[in-house]
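All remarks here apply to the structure that follows.
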Number of protein chains: 2
Amino acid sequence: MDALLLSVLEREPLHGYAIIEALRERSGGALDVPTGTVYPALRRLERAGLLAGEWASDGGRKRRTYRLTDAGRKALAGERSAWRSFTTAIGSVLDPLR
Amino acid sequence: MDALLLSVLEREPLHGYAIIEALRERSGGALDVPTGTVYPALRRLERAGLLAGEWASDGGRKRRTYRLTDAGRKALAGERSAWRSFTTAIGSVLDPLR
DNA sequence: TCTCCATGCGTAGACTGTCTACATGTAGAC
DNA sequence: GTCTACATGTAGACAGTCTACGCATGGAGA
């Protein structure tokens, strides 16, 4: 989850709702993350210093827009390499060379 | 976890301890799953009818050897395809086409 | 006008699964 | 006699996700 959020925010700052849509889009509909997962996760990442959130107003609507911090960018690199190691490890068990 | 256990048992029945070693070996040391994860998981899979366990004696030692049931084999196929979908979805977010 | 839906943020509580740490015991090597 | 590898298992903490809510605005259509 953390890696996904960081990755989506890599290019441009987005607010929660837009992040959910971006995840759905980028994954071709496969990833439909509920708000109960995303919002707490964003908070968590903000507390950890990986994201910076800011309130903005679009018309009457209030949005909390998050952007990646430098620490977040580094964390993303780590998450990506961890993900690769992870899938390689699982893959080596699930699809052993025949 | 379930997929990993089922996959390791696909070729031959094994007991818990051997399963842990097999996972470590097959993954090149990356996967070191603690007993507190494996044993309950094996029980769970057995209760679900995906594995069949049987006590055996090797010398003075007692082992519980698990083998894949037909349902387990089907479940494994499902797990494999689910894993592929999953990694594809995550990958499309983490490593978008540039 | 009124209602409904998409937009938008958020929390409470249930649920699930993993991990740490422990208990128990045998066999064999030194 | 003690240590290590083998072997199974549980209790309880912990973390993260999901379901199901509550609240509010804006715009489209009946």
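What you see is a predicted model; the values in this text were computed from it and never measured. First the proteins, then the strands, lettered A, B, ... as listed; each starts at 1.
- Residues passing the side chain to side chain contact (heavy atoms under 4.5 Å, CB included) test with B:Thr88: none are found, sequence neighbours excluded.
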So if I define the base as every atom that isn't primed, P, OP1 or OP2, how would nucleotides 15-21 of chain C read as a B/S/- string at a heavy-atom cutoff under 4.0 Å? ---SBB-
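- Take A:Arg67 and apply the salt bridge (Lys or Arg N to Asp or Glu O under 4.0 Å) test, not counting sequence neighbours, and it matches no residue.
- An OP1 or OP2 oxygen of D:dT8 is reached within less than 4.0 angstrom by no side-chain nitrogen or oxygen of B:Arg63.
- Relative to the axis of its first five pairs, the axis of the last five pairs of the helix from C:dT1-D:dA30 to C:dC30-D:dG1 sits at 10°, rounded to 10 degrees.
- In this model, the phosphate group of D:dA7 is not approached by any side-chain N or O of B:Arg64 to a distance below 4.0 Å at OP1 or OP2.
- The stretch residues 17-24 of chain B touches DNA chain D through B:Tyr17, B:Glu21, each having a heavy atom under 4.0 angstrom from the strand.
- Partners of B:Ser85 under the side chain to side chain contact (heavy atoms under 4.5 Å, CB included) rule, at least two apart in sequence or in another chain, do not exist in this structure.
- Each salt bridge (charged side-chain N to carboxylate O under 4.0 Å, His left out) pair with one or both residues in residues 25-42 of chain B, not counting sequence neighbours, appears once here: B:Arg24-B:Asp32.
- Legend: residues meeting side chain to side chain donor-acceptor pair (under 3.5 Å) with A:Arg61, ordered by chain and number and at least two apart, are absent.
- Not a single side chain to side chain contact (heavy atoms under 4.5 Å, CB included) links B:Ala77 to another residue, sequence neighbours left out.
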Identify each atom pair where a protein N or O and an N or O of nucleotides 27-30 of chain C are less than 3.5 Å apart, giving names and distance.
{"residue": "C:dA27", "atom": "OP1", "partner": "B:Gly60", "partner atom": "N", "Å": "3.4"}
{"residue": "C:dA27", "atom": "O4'", "partner": "B:Arg61", "partner atom": "NH2", "Å": "3.3"}

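- Looking at residues two or more places apart in sequence or on another chain, you find no salt bridge (Lys or Arg N to Asp or Glu O under 4.0 Å) involving B:Asp70.
- A:Arg64 pairs by the side chain to side chain contact (heavy atoms under 4.5 Å, CB included) definition with A:Glu46, A:Trp55, A:Tyr66, not counting sequence neighbours.
- Among B:Leu50, B:Leu6, B:Leu5, B:Val8, the one residue that satisfies the side chain to side chain contact (heavy atoms under 4.5 Å, CB included) test with B:Leu68 is B:Leu6.
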